Amino acid sequence: MGSVRTRIPPSPTGYLHVGNAWAAFFNWLFARRHGGQVVLRIEDTDPARSSPEYERAIYEDLRWLGIDWDEGPDVGGPYGPYRQSQRAHLYREAAEALLRAGAAYRCYCTPEEIEQERQRALAERRPYRYSGRCRARSEAEVRALEREGRRPALRLDVGRFHDPRWVSADGWLQARREDGGDRLYVVVHDLIRGEVAFALDELDDFIVVRSDGTALYNFANVVDDHGMRITHVVRAVEHLSNTPRQVLLYRALGWEPPQFAHLPVLVGPDRKKLSKRHGDTALREYRDELYLPEALRNFFALMAWYPEDGREIFSTEELVQRFDLSQVGRASPVFDRQKLLWMNGEYMRRALREDPDRVVDLVAGYLARQGLLPEQLPPEQRTYVRRVVEVLGERIKEGADVLRYGDFFFLETPRYEPQAVASYLQGEQAAAVLRLAQEVAREVEPFAADTLEAALRRAAAERGLSMRAVVHPVRVALTGKTVGPGLFELMEVLGRERVLRRLEHAVAVGTAAGSAV
RNA sequence: GGCCCCAUCGUCUAGAGGCCUAGGAUACCGCCCUCUCAAGGCGGAGACGGGGAUUCGAAUUCCCCUGGGGCCA
């Protein structure tokens with residue numbers, strides 16, 4: 001393949017959505033696989049909903065994900081501008097070219113008139129298609145309409161494609177024999193779906209430029225993709241139905257259309273297109289929850305595509321080497337958060353092994369967002385976080401796990417779970433165990449995991465207590481919960497002072513809970 | 001309403017006419033390890049939407065239906 005150019009066309013009307021991030025990633029994979037370029041185009045034609053803040057957020061989120069681009073509003077490039085809001089003159093030029101070629105005509109019908117036609121068609125139970133009333137207005141008529149103050153929209157004259165000259169081209173327009181004779185089809189050669197044919201007579205003269213002079217999506221897209229020398233348009237299937245119109249536009253302008261590949265749509269557990277209703281859909285929410293970009297990339301790759309059977313974990317380099325558009329699936333994948341969580345756990349454990357400092361920084365940032373640590377960490381606090389991370393270890397699969405298993409490390413007094421208190425802190429037996437633990441904690445030297453374990457085991461054995469009988473109450477006393485890191489490691493990190501204080505406090509908690517019952 | 005796309009375990013998927021007694025992963029359930037949880041090991045349950053046709057043989061090809069999604073809006 002010569003020089004592949006793909007595009008990523010986000011709208012700055014919100015944070016980058018996981019569905020768009022996924023499509024962006026496939027565009028990126030494909031371009032990198034073929035040594036091509038990625039173009040970032042900001043589709044900000046809706047000024048009311050677009051904002052520079054969102055645009056910046058999109059750059060940030062894409063970069064965080066590990067997607068880079070060769071041309072775009074921020075980095076420039078030879079085929080700019082890369083914001084649609086700055087390309088109005090190019091749409092105007094193309095519209096004029098269409099008019100000059102006789103491929104489009106001015107339409108003075110008002111939206112109300114069109115709506116009436118549509119209603120009539122609906123009532124008569126026949127498909128609506130624009131009548132073509134304005135296709136051949138006389139100059140006098142046009143003058144009269146202009147005098148009324150009407151401004152024309154621009155429509156593509158689809159009728160002119162009913163001409164055998166186009167058929168001989170290169171297969172994009174095909175005559176197919178049907179019962180009644182030949183029928184013309186616009187055939188889209190989709191890299192994922194194969195040939196998809198649309199009957200030409202199903203397409204009416206569609207609007208290309210509104211009466212206020214703004215370009216319609218289909219038109220702007222064609223002008224941009226051609227202008228930016230895009231060779232492969234890789235986008236969601238929802239655009240497939242628009243593709244024949246776009247193909248017609250390319251041809252009307254005398255341009256060669258790019259190759260198309262229509263990806264399935266990411267859906268939620270209810271099989272509906274992924275949206276805010278499904279919970280976290282902004283990529284940055286995953287970042288904030290401690291999802292790692294490499295995990296997301298690996299997970300993304302496994303939706304609608306499998307690099308090879310029998311393996312799940314792939315480095316991004318491997319993904320780039322293997323990526324093959326023709327192997328991409330056609331069915332809509334459900335975004336499965338459970339599998340993502342598992343995947344993130346895999347990468348989190350890897351990060352812990354290979355770059356623990358990175359995990360420490362991530363966890364510290366997470367705790368700061370939770371209000372449990374200051375934004376700027378003094379060195380000794382960072383060291384503390386580091387020890388906590390070591391002790392929490394592979395339990396951290398996402399941000400919430402830091403709290404689920406280790407919030408007590410950062411709280412003055414642990415949050416005592418009522419269930420845990422009821423099970424392990426109430427009664428004489430529990431109090432006795434806590435007293436015993438206090439003795440041990442007061443005397444053991446040094447205050448370290450191995451010495452603590454040895455001393456506590458000895459003490460338990462002397463009283464004929466099982467290890468379980470000792471460990472559970474002490475764990476609840478120190479952490480407020482029944483799950484978490486190894487008890488002795490956790491004690492060492494907490495330190496003698498706090499352990500003694502919490503043990504003391506827990507006796508009171510147990511008593512209070514007991515009398516409340 | 002017309003047109004277009006899609007359809008294998010709950011989920012991600014392997015499967016390109018015989019390798020399928022439908023494979024893997026995740027989730028779930030047991031057991032093991034163990035101070036709990038997590039991780040890990042072992043095992044279990046779990047799918048070709050329905051009907052026709054082609055073929056010696058269909059998850060795989062074709063048609064219809066059903067169900068989901070999208071475009072025109």
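Note: hydrogens, waters and symmetry copies are ignored here, and every other heavy atom, side chains too, is used. Remember, predicted model here, so these are calculated numbers, not experimental data.
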Classify the side-chain pair [X]/[Y] by whether it contains a donor and acceptor separated by less than 3.5 Å.
X: A/T243; Y: A/R235; value: yes
X: A/N344; Y: A/E398; value: no
X: A/N242; Y: A/Y217; value: no

From [options], pick the nucleotide closest to the side chain of [X]?
X: A/R395; options: B/A25, B/C37, B/A7; answer: B/C37
X: A/A331; options: B/A7, B/C4, B/U36; answer: B/A7
X: A/K272; options: B/C5, B/U36, B/G69; answer: B/G69
X: A/R457; options: B/G40, B/C35, B/C4; answer: B/C35
X: A/Y405; options: B/A38, B/U26, B/U36; answer: B/A38
X: A/V334; options: B/C12, B/C5, B/A38; answer: B/C12
X: A/E312; options: B/A27, B/G40, B/G24; answer: B/G24
X: A/K397; options: B/U13, B/A38, B/C5; answer: B/A38
X: A/W342; options: B/C35, B/U26, B/C12; answer: B/U26
X: A/R129; options: B/G24, B/G2, B/C4; answer: B/G2

When you look at CD of A/E428, are more than 12 heavy atoms from neighbouring residues, nucleotides or ligands closer to it than 6.0 Å? no
Nearest whole Å is fine: how far is [N] [atom2] from [X] [atom1]?
X: A/F488; N: B/C35; atom1: CZ; atom2: P; result: 9 Å
X: A/E238; N: B/C72; atom1: CD; atom2: C1'; result: 14 Å
X: A/R235; N: B/C5; atom1: CZ; atom2: P; result: 15 Å
X: A/D336; N: B/U26; atom1: CG; atom2: P; result: 12 Å
X: A/E117; N: B/A73; atom1: CD; atom2: C1'; result: 15 Å
X: A/N344; N: B/A39; atom1: CG; atom2: C1'; result: 15 Å
X: A/E308; N: B/C12; atom1: CD; atom2: P; result: 21 Å
X: A/D205; N: B/C72; atom1: CG; atom2: P; result: 16 Å

Between [N] and [M], how many Å separate the two [atom1] atoms, rounded to a whole number?
N: B/G44; M: B/C35; atom1: C1'; value: 29 Å
N: B/G41; M: B/U34; atom1: C1'; value: 13 Å
N: B/G50; M: B/U8; atom1: C1'; value: 15 Å
N: B/A25; M: B/G46; atom1: C1'; value: 14 Å
N: B/A59; M: B/A14; atom1: C1'; value: 12 Å
N: B/C56; M: B/G17; atom1: C1'; value: 12 Å
N: B/U66; M: B/A27; atom1: C1'; value: 29 Å
N: B/G18; M: B/U13; atom1: P; value: 23 Å

Answer with base, sugar-phosphate or nothing: what part of the nucleic acid does [X] contact at a heavy-atom distance below 4.0 Å?
X: A/P269; result: nothing
X: A/K481; result: nothing
X: A/Y306; result: base
X: A/A197; result: sugar-phosphate
X: A/Q327; result: base
X: A/G329; result: nothing
X: A/V265; result: nothing
X: A/E202; result: sugar-phosphate
X: A/L302; result: sugar-phosphate

Nucleotide opposite [N] in a Watson-Crick or G-U pair, distances under 3.5 Å:
N: B/A7; result: B/U66
N: B/C28; result: B/G44
N: B/G2; result: B/C71
N: B/A59; result: none

A/C134 side chain near A/R106 side chain, heavy-atom distance below 4.5 Å: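 The answer is no; the side chains never approach within 4.5 Å.
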Nearest nucleotide by nearest heavy atom, which residue falls closer to the 5' end of RNA chain B, A/I396 or A/S332?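 That would be A/S332.
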Contact nearer the 5' end of RNA chain B, comparing A/V483 with A/S241: A/V483
N or O in side chain of [X] less than 4.0 angstrom from [N] OP1/OP2:
X: A/R271; N: B/G67; value: no
X: A/R311; N: B/G24; value: no
X: A/R245; N: B/C72; value: no
X: A/R330; N: B/C6; value: yes
X: A/K273; N: B/G68; value: no

Could you tell me if the ring centre of A/Y250 sits under 6.0 Å from that of A/W172? no
Can [X] and [Y] be counted as an ion pair, charged N to O under 4.0 angstrom?
X: A/R160; Y: A/D157; value: no
X: A/E453; Y: A/R457; value: yes
X: A/E317; Y: A/R322; value: no

Does A/F300 have A/R297 sitting over its ring (NZ/CZ under 6.0 Å from centre, angle to axis within 45°)?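 Output no; distance or angle outside limits.
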Is any N or O donor-acceptor pair between the side chain of A/K339 and the base of B/A25 shorter than 3.5 Å?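 Present.
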